[in-house]
Amino acid sequence: QVQLVESGGGLVQAGDSLRLSCAASGRTFSGYSMGWFRQAPGKEREFVAAITWSGDSTAYRNSVKGRFAISRVNAKDTVYLQMNSLKPEDTAVYYCAASRAPYTSAAANVYDYWGQGTQVTVSS
């Protein structure tokens, strides 16, 4: 079992930056690919970004490319999502997720463990 706890969300203005963190505990973090998803009110959960265990492969949804960056520090069992040039449409609850698959994936059903989420609100 892997427990995931997100942090770093908040209320910011359009154009600001935030860095989300996801700390893993419990069963070893080793070998897991990690992803970030988000869910806005009244909408389905959507893929944001993913990274493999080694960090040599990343993937992003088109609307965040060039603005968001996913990274990880395995020694700290932590994955990050740096979000720059935030827009009101980025407002959502952001979730991190862990997958035993050795590749990045935008499919939520590939992920085995999920955090509780952290709220990000971007005002215009």
Side-chain angles (χ1 to χ4, degrees):
Q1 192 80 1
V2 174
Q3 289 81 43
L4 304 173
V5 178
E6 303 94 336
S7 62
L11 171 63
V12 297
Q13 293 186 332
D16 286 350
S17 299
L18 277 177
R19 188 177 79 157
L20 304 184
S21 299
C22 174
S25 62
R27 189 171 177 169
T28 178
F29 189 56
S30 176
Y32 282 82
S33 295
M34 299 296 294
W36 285 97
F37 289 74
R38 67 187 182 188
Q39 187 167 18
K43 296 187 177 181
E44 294 191 352
R45 189 170 298 190
E46 62 183 21
F47 168 75
V48 177
I51 187 168
T52 52
W53 159 251
S54 65
D56 62 350
S57 180
T58 58
Y60 298 91
R61 71 178 297 105
N62 286 337
S63 63
V64 307
K65 284 181 180 178
R67 299 190 298 123
F68 290 12
I70 189 172
S71 61
R72 64 192 298 165
V73 179
N74 290 335
K76 295 184 177 181
D77 290 341
T78 301
V79 63
Y80 303 97
L81 185 67
Q82 178 66 43
M83 305 187 295
N84 300 325
S85 301
L86 282 161
K87 303 176 181 180
E89 51 264 44
D90 294 319
T91 295
V93 177
Y94 283 71
Y95 300 89
C96 72
S99 168
R100 284 169 284 198
Y103 49 81
T104 59
S105 176
N109 62 7
V110 169
Y111 293 83
D112 304 290
Y113 303 102
W114 292 81
Q116 294 297 309
T118 185
Q119 176 71 48
V120 172
T121 303
V122 185
S123 64
S124 57

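By convention here, the first residue in the shown sequence is residue 1.
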Closest heavy-atom contact between A92 and A40?
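Taking every non-hydrogen atom into account, CB-N, 3.8 Å.
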Do you know the tightest heavy-atom contact between P102 and T52?
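Shortest heavy-atom contact: O-CG2, 4.1 Å.
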Examine distances only and state if a side-chain atom of S99 and a backbone atom of V110 form a donor-acceptor pair shorter than 3.5 Å.
yes
Hey, mind stepping through L81 and V48 against side-chain contact (heavy atoms from CB on, under 4.5 Å) and telling me if it holds?
CA-CA 9 Å; L81 185 67; V48 177; 4.1 Å; yes
Output the distance between atom [atom1] ([X]) and atom [atom2] ([Y]), rounded to the nearest 0.5 Å.
X	Y	atom1	atom2	value
D77	M34	CG	CE	9.5 Å
W114	C22	CH2	SG	11.0 Å
Y95	W36	OH	CH2	12.0 Å

By side chain to side chain donor-acceptor pair (under 3.5 Å) - contacts of [X] (at least two apart):
X	result
S57	none
K87	none
S63	R61
N62	K65

Cluster companions of V73 among Ile, Leu, Val, Met, Phe, Trp, Tyr (side-chain spacing under 4.5 Å):
Y80
Apply ring-ring contact (aromatic ring centres under 6.0 Å, His included) to F47 and list each qualifying residue two or more places apart in sequence or on a separate chain.
F37
May I have all residue pairs that pass salt bridge (charged side-chain N to carboxylate O under 4.0 Å, His left out) and include part of residues 90-115, sequence neighbours excluded?
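Only R38-D90, R67-D90, R100-D112 qualify under salt bridge (charged side-chain N to carboxylate O under 4.0 Å, His left out).
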Go through T91 and Q119 one step at a time and tell me if the side-chain contact (heavy atoms from CB on, under 4.5 Å) criterion holds.
CA-CA 8 Å; T91 295; Q119 176 71 48; 4.1 Å; yes
Under the side chain to side chain contact (heavy atoms under 4.5 Å, CB included) test, residues paired with A23 that sit two or more places apart
T78
Disulfide (SG to SG under 2.5 Å): pairs with one or both residues in residues 44-95, sequence neighbours excluded
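Listed once each, the pairs would be none.
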Grouping I, L, V, M, F, W and Y whenever their side-chain heavy atoms are under 4.5 Å apart, do Y111 and I51 come out in a common cluster?
no
Atom pairs and distances, side-chain donor-acceptor, residues 2-18, under 3.5 Å, sequence neighbours left out:
unit_1	atom_1	unit_2	atom_2	d
E6	OE1	Q116	N	3.1
E6	OE1	G117	N	2.8
E6	OE2	C96	N	2.9
E6	OE2	G117	N	3.2
D16	OD2	Q13	N	3.1
S17	OG	N84	OD1	2.9

Is there any ring-ring contact (aromatic ring centres under 6.0 Å, His included) pair reaching into residues 48-73, and which pairs are they, with sequence neighbours excluded?
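Residue pairs with at least one partner in residues 48-73: there are none.
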